[in-house]
Amino acid sequence: MRQSHLFTKTRKESPKDEISQNAQLLIRGGYIHKEMAGAYDLLPLGLRVFEKIKQIIREEMNALGGQEVSFTALQDPELWKETNRWKGEAVDEVWFKTELNGGTQVGLGFTHEEPMTRVMKNHISSYRDLPRYTYQFQTKFRNELRAKSGIMRGREFLMKDFYSFNRSDAELEVFYEEAGAAYLNVFRRVGIGDFTYLTFASGGVFSKFSHEFQCVSTAGEDTIYIDTDKRIAVNYEVMSDDILRDLGISKEALVEAKAIEVGNIFKLGTRFSEPLGLTFKDEDGVDKPVVMGSYGIGIGRLMGTIVEVLCDEKGIVWPESVAPFTIHLVELSQGDEKIRAYADKLYEDLTVAGIEVLYDDRDMRAGEKFADSDLLGIPHRVVVGKTTTDSAIEVVRRKNGNKGVVTREKLLAGIYHA
RNA sequence: CGGGGUGUCGUAUACCGGUAGUACGCUUGCUUUGGGAGCAAGAUGACCGAGUUCGAUUCUCGGCACCCCGACCA
């Protein structure tokens with residue numbers, strides 16, 4: 001991608017209506033645009049990051065046996081009345097409700113347990129049909145009383161929601177552990193593994209605990225207590241001596257921290273299968289309710305968290321796995337046609353080699369190009385200038401500023417640092 | 001939802017009951033050129049509505065929007 005063709009521009013100043021670091025940097029870099037409180041547009045760079053994150057999650061969910069689907073946002077009130085969740089007060093008034101032209105009420109989904117369960121009724125009738133796992137990347141609507149923290153808590157957001165359908169609590173238990181491990185894989189792969197802890201949290205009405213994945217950050221809204229040796233944590237909401245005893249954690253070992261909830265997994269049991277009539281015949285011909293679980297990750301929140309946790313005073317620092325491009329090629333030809341031609345050719349060759357390159361071919365001063373490059377946070381900056389030769393091309397690593405030279409041959413082979 | 005605050009070019013800000021200024025960005029020209037250049041010339045702005053007033057961007061009221069604190073957060 002030639003940067004001169006990219007329709008977005010960077011900004012020197014942060015918008016005054018954003019306090020959160022994630023939104024400030026993403027807006028300044030032209031990754032996103034704020035449409036209204038709690039609703040953001042993804043611009044080309046932002047969409048690229050989003051798709052990278054989605055693909056990592058998709059791979060992990062597929063490895064769990066998940067089958068990808070995509071459900072409608074429109075929700076049938078009758079279905080939700082069966083689980084007693086159509087009433088606004090039952091769900092903290094997060095419903096966006098609207099109506100069809102004829103006056104029929106519909107809702108915009110804030111989660112999908114009900115419709116997912118209903119669809120599975122058409123396909124699950126025997127123990128031979130189980131287990132089954134589904135997931136989707138789907139837009140959720142939540143009418144939050146107060147949107148805040150930039151893209152971390154929006155009124156419309158893309159969520160990966162995964163649903164498990166098992167024969168028994170024991171079978172769910174085994175799967176639940178696998179799902180937790182897959183979640184840790186996701187957070188490791190997107191670059192925040194070192195800061196993210198499996199956290200015991202309230203199980204609500206369904207079970208003793210649910211598990212959250214909490215990423216330590218001063219931007220977090222939750223408070224957790226971390227056992228750094230065991231790499232687990234307890235949410236302060238459920239913190240008590242009894243819980244610590246159950247978990248075999250000593251109080252002295254705990255460190256308090258603010259954290260961002262980047263994922264959450266729940267054992268639902270038969271909370272939805274019973275009222276909605278999702279049952280199967282077991283080997284003895286007896287009807288039993290399906291045992292369910294649900295597993296969520298907010299994609300935008302995860303993107304915001306990566307920004308919050310890894311950025312520095314100059315801007316965003318993307319891990320290679322989710323960066324919009326791998327290389328930021330910056331030419332400093334300043335009117336020198338030879339340098340310009342060299343950079344053009346290098347851009348073409350890198351692209352042909354299958355490397356994702358953002359090519360800053362704009363006619364600007366070096367300082368401005370470097371500042372933009374730092375702000376955008378692409379992992380490797382390749383600088384083509386007066387001193388560039390095939391045997392010595394300058395590469396700077398964004399995350400630590402380390403500067404080195406590499407041959408053209410190595411660069412095209414995907415080796416960016418000597 | 002309770003409390004507090006703010007709405008001025010694209011962005012960030014200033015001033016003012018009587019011609020709305022600055023910086024960045026944008027256009028044109030010249031000079032410059034490895035860390036957000038200089039000079040010159042331009043274009044672009046008062047959230048909406050009502051009221052007070054000779055005159056309102058400024059004061060008052062209402063609306064809307066946005067931000068912050070709290071509450072909330074399967």
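All chains are named by letter (A, B, ...) in the order of the sequence lines, taking the proteins before the strands, and each is independently numbered beginning at 1.
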Rounded to the Å, how far apart are [X] [atom1] and [N] [atom2]?
X: A/Leu145; N: B/C69; atom1: CG; atom2: P; value: 15 Å
X: A/Arg142; N: B/C73; atom1: CZ; atom2: P; value: 12 Å
X: A/Arg155; N: B/C72; atom1: CZ; atom2: C1'; value: 13 Å
X: A/Asp17; N: B/C68; atom1: CG; atom2: P; value: 9 Å
X: A/Gln214; N: B/C73; atom1: CD; atom2: C1'; value: 12 Å
X: A/Trp95; N: B/A74; atom1: CH2; atom2: C1'; value: 13 Å
X: A/Glu18; N: B/U6; atom1: CD; atom2: P; value: 19 Å
X: A/Glu13; N: B/U8; atom1: CD; atom2: P; value: 15 Å

> Hey, is CD on A/Glu409 packed in by over 12 heavy atoms from elsewhere, all under 6.0 Å?
Replying inline: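 For A/Glu409, atom CD is not crowded (no more than 12 foreign heavy atoms under 6.0 Å).
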
> What stems, by residue range, does RNA chain B take part in, given at least 3 consecutive Watson-Crick or G-U pairs under 3.5 Å?
Replying inline: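 Looking at RNA chain B, the stems formed by three or more consecutive pairs are B:1-7 with B:64-70, B:10-13 with B:21-24, B:26-31 with B:37-42, B:47-51 with B:59-63.
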
Using the [atom1] atoms only, state how far [M] lies from [N], rounded to an integer number of Å.
N: B/U28; M: B/A46; atom1: P; answer: 25 Å
N: B/C48; M: B/G10; atom1: P; answer: 13 Å
N: B/G7; M: B/A14; atom1: P; answer: 9 Å
N: B/G55; M: B/A43; atom1: P; answer: 31 Å
N: B/C9; M: B/G42; atom1: C1'; answer: 14 Å
N: B/U57; M: B/G18; atom1: C1'; answer: 12 Å
N: B/A37; M: B/G17; atom1: P; answer: 37 Å

> ring-ring contact (aromatic ring centres under 6.0 Å, His included) with A/Phe200: which of A/Phe209, A/Phe213, A/Tyr236, A/Tyr225?
Replying inline: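 Passing option: A/Phe209.
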
> Only one of A/Phe175, A/Tyr176, A/Phe266, A/Phe137 clears ring-ring contact (aromatic ring centres under 6.0 Å, His included) with A/Phe162; which?
Replying inline: A/Phe175

>> Quick check: on RNA chain B, is the nucleotide nearest A/Ala147 upstream (toward 5') of the one nearest A/Glu212, or the reverse? Name the residue that is more 5'.
In response: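 Result: A/Ala147.
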
> When the nearest nucleotide of RNA chain B is assigned to A/Gly150 and to A/Glu221 on a heavy-atom basis, which residue is associated with the more 5' position?
Replying inline: A/Gly150

Ring-face cation of [X] near [Y] (centre distance under 6.0 Å, axis angle within 45°):
X: A/Lys87; Y: A/Trp80; value: no
X: A/Arg231; Y: A/Tyr197; value: yes
X: A/Arg48; Y: A/Phe325; value: yes

> Would A/Lys140 and A/Glu156 pass as an ion pair if we require N to O under 4.0 Å?
Replying inline: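 Judged by the 4.0 Å cut-off on N to carboxylate O distance, A/Lys140 and A/Glu156 do not form a salt bridge.
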
> What string of B, S and - do you get for nucleotides 33-40 of chain B, 5' to 3', if B is base contact, S is sugar-phosphate-only contact and - is no contact with any protein heavy atom under 4.0 Å?
Replying inline: BBBBB---

> If you take atom types as modelled and just measure distance, does the side chain of A/Arg153 reach the base of B/C72 with a donor-acceptor pair under 3.5 Å?
Replying inline: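 Yes, a donor-acceptor pair under 3.5 Å.
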
> Do A/Asn185 and A/Arg188 get their side chains close enough for a donor-acceptor pair, meaning under 3.5 Å?
Replying inline: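 Looking only at side-chain atoms, A/Arg188 and A/Asn185 do form a donor-acceptor pair, the distance falling under 3.5 Å.
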
> Would you say a side-chain N or O of A/Lys16 is under 4.0 Å from OP1 or OP2 of B/U8?
Replying inline: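 Checking A/Lys16 against B/U8: at least one side-chain N or O falls below 4.0 Å of OP1 or OP2.
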
>> Is the phosphate of B/C69 approached by A/Arg146 (side-chain N or O, under 4.0 Å from OP1 or OP2)?
In response: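 Yes, A/Arg146 has a side-chain N/O under 4.0 Å of OP1/OP2 on B/C69.
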
>> Taking the six-membered ring for Trp, are A/Tyr133 and A/Phe165 closer than 6.0 Å centroid to centroid?
In response: no

> Do A/His33 and A/Tyr40 have ring centres separated by under 6.0 Å?
Replying inline: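 No, the ring centres sit 6.0 Å or more apart.
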
